[in-house]
Amino acid sequence: MQKNNDDMTNQKVRVRFAPSPTGPLHIGGVRTALFNYLFARQHGGTFILRIEDTDSTRFVPGAEEYINNSLAWLGMQVDEGGLEGKGEYGPYKQSERREIYSKYAKQLVETGWGYYAFDTPAELDALRAEAEASKKAFAYDMHSRLSLKNSLSLSEEEVKSRMESGEPWVIRFKMPENVEVHTNDMVRGAVAFNTNTLDDKVLYKSVDQLPTYHLANIVDDRLMKISHVIRGEEWLPSVPLHVMLYRAFGWEDEMPQFAHLPLILKPTGKGKLSKRDGDKGGFPVFPLDWKLNDGNVAAGYRESGYFPEALVNLLALLGWNPGDDRELFSMDELIEAFSIERVNKSGARFDPDKAKWFNQQHLVRKSDEEIATLFTEELKEKGVEAAPEMVVKAVGLVKERVNFVSELWDQVAFFFQAPVQYDPKVVKKRWKESIPGFMTELAGKLDAMTTWQAEDIKATTAALIEEKELGFGLVMNAFRLTLVGGGFGPDLMTIAEMIGKEETINRVRTAVEVIGA
RNA sequence: GGUCCCUUCGUCUAACGGUUAGGACGUAAGAUUUUCAUUCUUGAAAUAGGGGUUCGAUUCCCCUAGGGACUACCA
């Protein structure tokens, strides 16, 4: 009884993330990796990275490194596979497993589940075009295969001679007729297909001696003892083929469990998020920057200022929720809270605004020291010298008002350098007639102070305001303008205290000079 | 076109068949503040439509509509 539960708890969990190195991974792929990772960690299982490079024509240099770097940046440690290829079920790169696939592909032909086909791509294209012209769809399937060039329709001698002459061939799967395929998807429940609507997929091609995705996928999942296949919904239509393949090999009883994740959709418009959506929407779709051939760079989350934990957090909540109101999670908390049963079925539209909010939340939760360390690097780039304590304190005062570390400078620049200009709007609004004279006098009063605490500065300022019978708000805003250069920032008296007496007085006098009457 | 999947505020989502349908992002208003921001309070905002089943459907079933994925010698 409860076979499934036993499978879940007793069977060793081994999951794989199996991207194709055809370019940078996008966040849909990253989320698939994340869900696999969370599932593996939660069950004390193994997280495997397998590179599916069975299409020799689509190989992109650097893509594999990119995948590795992305996972590393996000904090997903690969247990088997990856660049080092560690693990006992290797190689973990499909292009290095040629002989294995060849053997299994031929086995399928021998057992009658597959056949050799000689139709050229050009011929098939022509058939498709022809069918389209008469508003039909061409399929290489149980209805058409006997009229095409393959080992089912051709004589044994002909097949032999074609192969011996070096003519390229492929092995196709011989999809059986009228078989009901039932699967029980972990996120979708029961899903059924009939093989009558399926075609004879190419499984292996002689030209590059490589399998196509379907064969490689089944063979490797079997050989690598994969327990659960967690992948995007775009693979759902392939499930019946895959099930039949397991059946053909006699592995169906130990077939992995499937879980098809909902797609991540474009923020606006229709369809699933694609690699080009980032440029239009002004948000990254890649974890890391990726250099394009034309010299441009596709923006990455890292370079755009996102924390890896923020990306992980927001991706986890796209298609999954903990069942309560919690939204902020660390990776460890996600591992604890995650469950595949709570993964949604419907696609989730990506929301760039909420992405920023996640980053802001994680930023606020970091210590002032940690943010200061990150910010100090930026200060160095700007050539700004600043006392470490000053940076920590300044950052602590403003961190709640930014989404990214990169936005910090605009909020704290005045702590480190005098205003280079005064916001005209604020000047117009706050720099009234009575101000220049008052400020000059205030500078004198401040100069005469023997202490320099915020409260003392405030007392001195307030006393003069009272004496001159001016408005507190009026003066404070003008005072702020002299120190900050604009109408923003944290408590003014704290700013004055932090930049010091001499600097404060200088800024007041400079402002009077520059802005004048 | 065919196959399959999906459908709760604009968006992400919650809700043993019984709730004034909740939260978050965004948005609007107000309060506070020496400014901006923060913060706080409040508001607007959803069960696609139609049939069933049921004492009672957001929830279960069917149909319709809409959306999506797939339909390569790509993954």
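In what follows, every chain begins at residue 1, and chains take the letters A, B, ... in the order their sequences are listed.
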* Structure fact -> Partner of B:A28 under the Watson-Crick or G-U wobble criteria, both distances under 3.5 Å, comes out as B:U42
* Asked: A:Arg98 has an atom CZ; how far is it from atom C1' of B:C73, in whole Å?
  -> 14 Å
* Inter-nucleotide C1' distance (B:C9, B:G43), Å rounded -> 14 Å
* With rounding to whole Å, what would you report as the distance between B:U7 and B:U64 at their C1' atoms? -> 13 Å
* Out of B:C4, B:C73, B:C74, whichever nucleotide has its closest atom nearest the side chain of A:Arg172 -> B:C73
* If you draw a 6.0 Å radius around NZ in A:Lys445, do more than 12 non-hydrogen atoms from other residues or ligands fall strictly inside? -> no
* Name the pairing partner of B:U58, where a pair is Watson-Crick or G-U wobble with both distances under 3.5 Å, or state none. => none
* Can we call the ring centroids of A:Trp169 and A:Tyr116 under 6.0 Å apart? -> yes
* To do: Counting heavy atoms from C-beta on, name the nucleotide in B:C73, B:A75, B:U35 closest to the side chain of A:Val202.
  => B:C73
* Asked: What is the nucleic acid contact for A:Gly486, judged by heavy atoms within less than 4.0 Å: base, sugar-phosphate only, or nothing?
  -> nothing
* Please measure how far the P atom in B:A24 lies from the corresponding atom in B:A14, and state the result in whole Å. => 15 Å
* Asked: Touch check for A:Arg480, heavy atoms < 4.0 angstrom, all strands: base, sugar-phosphate only, or nothing?
  -> base
* Decide yes or no for A:Leu241 and A:Leu245: does some side-chain heavy atom of the first lie under 4.5 Å from some side-chain heavy atom of the second? => yes
* Asked: Touch check for A:Asn344, heavy atoms < 4.0 angstrom, all strands: base, sugar-phosphate only, or nothing?
  -> sugar-phosphate
* Structure fact -> Of the candidates B:C74, B:U71, B:C5, the side chain of A:Thr212 sits closest to B:C74
* Select base, sugar-phosphate, or nothing to describe what A:Ala139 touches, counting heavy atoms under 4.0 Å on all strands. => nothing
* To do: Report which part of the nucleic acid A:Leu492 touches: base, sugar-phosphate, or nothing (heavy-atom distance under 4.0 Å, all strands).
  => base
* Asked: With a non-hydrogen cut-off below 4.0 angstrom, is A:Val484 in contact with a base, only sugar-phosphate, or nothing?
  -> nothing
* To do: Would you state whether a donor and an acceptor, one from the side chain of A:Lys354 and one from the base of B:A24, lie under 3.5 Å apart?
  => yes
* Rounded distance (Å) that lies between atom C1' of B:U35 and atom NZ of A:Lys428 -> 18 Å
* To do: Quick one: label A:Lys272 by what it contacts on the DNA or RNA (base, sugar-phosphate, nothing), any heavy atom closer than 4.0 Å.
  => sugar-phosphate
* Are a donor atom and an acceptor atom from the side chains of A:Asp220 and A:Tyr101 found within less than 3.5 Å of each other? -> yes
* Base, sugar-phosphate, or nothing: which does A:Lys270 touch, judged by heavy atoms less than 4.0 Å apart? -> sugar-phosphate
* What is the pairing partner of B:C70, taking Watson-Crick or G-U wobble pairs with both distances under 3.5 Å in any strand? -> B:G2
* Asked: How would you label the contact of A:Phe193 with the nucleic acid (heavy atoms, under 4.0 Å): base, sugar-phosphate, or nothing?
  -> sugar-phosphate
* To do: For nucleotides B:A75 and B:U19, find the distance between their C1' atoms and express it as a whole number of Å.
  => 46 Å
* Asked: P atom, B:G50 versus B:U58: distance in rounded Å?
  -> 12 Å
* Compare the minimum distances between each of B:C73, B:C6, B:C74 and the side chain of A:Asp55, then state the nucleotide with the smallest one. => B:C74
* To do: If B:A65 has a Watson-Crick or G-U wobble mate with both distances under 3.5 Å, name it; if not, just say none.
  => B:U7
* Is it the case that more than 12 heavy atoms not belonging to A:Glu180 sit under 6.0 Å from its CD atom? -> yes
* Asked: In whole angstrom, what separates A:Gln411's CD from B:C36's C1'?
  -> 8 Å
* Spacing of A:Trp357 atom CH2 relative to B:U11 atom C1', expressed in whole Å -> 13 Å
* Output the single nucleotide from B:C6, B:A75, B:G68 whose closest atom is nearest the side chain of A:Leu263. => B:G68
* To do: Have a look at A:Arg342 and say if it touches a base, only the backbone sugar-phosphate, or nothing, with a 4.0 Å heavy-atom cut-off.
  => sugar-phosphate
* Nearest of B:C5, B:A69, B:U35 to any side-chain atom of A:Glu233? -> B:C5
* To do: State whether the distance check finds a donor on one side and an acceptor on the other, under 3.5 Å, for side chain A:Arg188 versus base B:C5.
  => no
* Asked: At under 4.0 Å between heavy atoms, what does A:Thr120 touch on the DNA or RNA strands: base, sugar-phosphate, or nothing?
  -> base
* **Toward the 5' end of RNA chain B, by each residue's nearest nucleotide, A:Tyr213 or A:Thr197** => A:Thr197
* Asked: Which is true for A:Arg349 with a 4.0 Å heavy-atom rule: it touches a base, it touches only sugar-phosphate, or it touches nothing?
  -> sugar-phosphate
* To do: Select from A:Leu198 and A:Thr22 the residue whose nearest nucleotide in RNA chain B is closer to the 5' end of that strand.
  => A:Leu198
* Quick one: list whatever passes side-chain contact (heavy atoms from CB on, under 4.5 Å) with A:Thr183, sequence neighbours left out. => A:Val181, A:Val191, A:Val239, A:Val243
* Asked: Do A:Tyr115 and A:Phe173 have their ring centres less than 6.0 Å from each other?
  -> no
* Please give, in whole Å, the distance from B:C36 C1' to A:Glu407 CD? -> 14 Å
* **Atom pair distance, as rounded to whole Å: NE2 in A:His242 and C1' in B:C70** => 12 Å
* Integer-rounded Å distance: B:A75 P and A:Ile67 CD1 -> 14 Å
* To do: May I ask you to decide whether A:Lys149 forms a salt bridge with A:Glu123, counting only side-chain N to carboxylate O separations under 4.0 Å?
  => yes
* Which nucleotide sits closest to the side chain of A:Asp351: B:A75, B:A24, B:G10? -> B:G10
* **A:Glu407 with A:Arg401: basic N within carboxylate O range, under 4.0 Å** => no
* Asked: Should B:C16 form a Watson-Crick or G-U wobble pair with both distances under 3.5 Å, which nucleotide is its partner?
  -> none
* Asked: When all nucleic acid strands are considered with a 4.0 Å heavy-atom cut-off, which category describes A:Trp169: base, sugar-phosphate, or nothing?
  -> nothing
* Separation of A:Met244 atom CE from B:U3 atom P, in whole Å? -> 19 Å
* Asked: Considering only side-chain heavy atoms of A:Val191, which listed nucleotide, B:C4, B:C12, B:A75, is closest?
  -> B:C4
* What does A:Gly319 touch in the nucleic acid at a heavy-atom separation under 4.0 angstrom: a base, only the sugar-phosphate, or nothing? -> sugar-phosphate
